[in-house]
Amino acid sequence: MAKKEKTNSNPASTDGISYRRVKTWQIALAMMQAASGACFMMGIGYVSYAANLGFGISMILAGTLMTAARIFDGVTDPILSFIIDRVNTRFGKIRLFLIIGWIIEALSLKMLYDWCCGKGHSIAIFILIYFVYYIGYTCNNMASQMIGPVMTNDPRQRPMVNVFSVIYNYVVSIVLSIAVAMVWLPKYGNTYTLELLADISTLTVALSAFFSVLAVIGITPIDRPENFTVKSTDNQDKVKPKDMLNLIKSNKALCCFICAATSDKLAMQIAGQSIISTILYGIIIGNMGLGAIINIIGIVPIFICAVIGGKYTGKHGSKESVVFWTKVSIALNGLLVVFIVCTGNLSIREHGLLLVVFALLTMLANGMRITVSTATSTMLADVIDYEASVSGKFMPGIISGVYSFIDKLVSSFGALIATGCVAIIGYKDTIPQPSDPKTWTIILAGCFIVYVIPILGWVTTLVAMKFTPISKEYMVEVQKTIAKNKEQVE
C-alpha cells in the first residue's frame, strides 16, 4: 500500500524511471525564446530588399551573399558549441548566450535596415554587418536548442516543450507578416521602401526584447550547472573536437535525424523567402492582405494541430510521429499542387468557392507542418539523450552544433535557390511586387517552389526514418541507462 502511494505521489515516475519534469508555466515562459527568434527570422527575411534598395545589390548577388552568410553561420556553430559546452558558471549558461546573441542580432538588424541602409554605404559594409548578425544568431540558436533537453526528459512532457515553441514561432511569424502586409505595406503604397524596412527593424527589435525577458525568467530555475552533466565520467566537461567527429562517424540516430531535418529545413527555407510569399499571395492569389487574412483564420487550427501533434508524439514516440505526419503533409501538398494548376489564370480571390478551398487546404497543410516540426524537434532531444547513454557525456551543445552546422550548410542554399528560381522567370535585376501580372510561368514556378520542393524534402525524411534506432521503446532503455550511470557515481 505504501508503495502504491509513492507511485501516485510521483506522476513523473513511469517505466521504472523517475523522470525530470517542470511546471507548465516554466515551459510556456522559457519557450518565449522561440517567439524572440521568430521575430528575428521574420525581420531578416526582408534582407534581400535591404540589399537591393539600401545598398544597390542585385538579386543574384544578394542571393549569393545570403548563401555565403548561412555557410559562415554554419561554420561558427561547432566553434561556439565547444565554448558553450565548456562554459558552466554558477549562473548557468543558457541565459548568458541568449542575451549576448540578442544584443548582436538587434544592433545588426537596425544597421542593415535603418542606420546604414540607403546611406550610400558600400557592399563591403553590408557584408560585414550581415555576417556579424549571424554570429548573434548562432549564439541565440545554440542556446535555444539546449532548453528542451535540459528542461525535461519525460517522453510525455518533452513534446509539449516543442508545442509551445512551434505555436510561438507560427503565431509571431503570422502576426508580424500580417502587420507588414496590412499595415506597413499599404502605408507605403504597397511597395517595399527604405522607410518600411526601418519600421520592420524597430518592430522586430522591440518585440524580441520583450519575449527574451520572459524567456530568461522561465529559464532561470533550470539554468544551473548540475543540469548540464550526466555525472557518468570524470571527463564530462572536457568535451574535445574529436567528440564531434565521433558523433558523425558513429551516432546513427544523429545522422538519420540530420538527413530528415535538413531536407525539410531546406525546402521550408526556399518556400519561406519573402519574395516567394509575394509571388504566391501577391501575384497568384491576387492580394497580399488576403493571404494575411487566411493566415489569421488558420491560427486556431494551428493551435489544435500543435496540441494533437504533441500528444501523439508523447504517446507514440518521435519516430512514429515524424513518419505519420510527414505522410499526411505530402498528401496535402499534393492536393494544393493540383488545385493551383487547375485554377490556372482564374482570380482565386474573386471566386468564393475557390477561395474557401484554398484557405482550407492551406490551413490543413500549415497544421501538418506544425505537427512534423513538433515531432522532429522532440527527436533532437532524444538524440542528445541517446548519445549520453552510449558515451556517458551529456553534450547538448556539441550535438546541436553538429546538427546546426550541417543544417545551415545545406539550408544556406535556400535563398540562392529561391532567388535563382525567381531570376529564371524574369526577375534578374528587379524584385517581385504584388502588382505584377499573373502568368503561367509565375504560376508553375510558385507552385514548384512552395509545394513540390517540400514534398521532396519529406520523401527524404521518410527514407531516413527507416534507418534510425530511435523508437519509443528504445528511449525507455536509454533513460534507464542514464539513470543507472548516475546512481553508480553518486
I'd like to know if the side chain of [X] pairs up with that of [Y] as donor and acceptor (distance under 3.5 Å, no hydrogens or angles considered).
X: Tyr188; Y: Asp199; answer: yes
X: Ser263; Y: Thr460; answer: no
X: Trp102; Y: Ser36; answer: no

Check: Gln26 side chain, Lys23 main-chain N or O, donor-acceptor pair, under 3.5 Å: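 Checked: pair present.
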Specify the closest pair of heavy atoms between [X] and [Y], including all atoms of both residues, with the distance to one decimal.
X: Asn52; Y: Ser58; result: ND2-CA, 4.2 Å
X: Arg224; Y: Pro221; result: NE-O, 3.1 Å
X: Thr204; Y: Cys39; result: CG2-O, 3.2 Å
X: Tyr130; Y: Met66; result: OH-CG, 3.2 Å
X: Pro454; Y: Asn333; result: CB-ND2, 3.7 Å

Residues, nucleotides or ligands: over 12 heavy atoms within 6.0 Å of Phe210 CZ: no
Ring center gap for Tyr312 and Phe324 short of 6.0 angstrom: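 Under 6.0 Å, so yes.
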Within the 6.0 Å centroid threshold, strictly below: Phe257 and Tyr403: yes
Salt-bridge contact Arg369-Asp264 (side-chain N to carboxylate O under 4.0 Å): no
With Ser318, the side chain to side chain donor-acceptor pair (under 3.5 Å) member among Thr313, Thr374, Asp382, Asn162: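 Looking at Thr313, Thr374, Asp382, Asn162, the match for Ser318 under the side chain to side chain donor-acceptor pair (under 3.5 Å) is Asp382.
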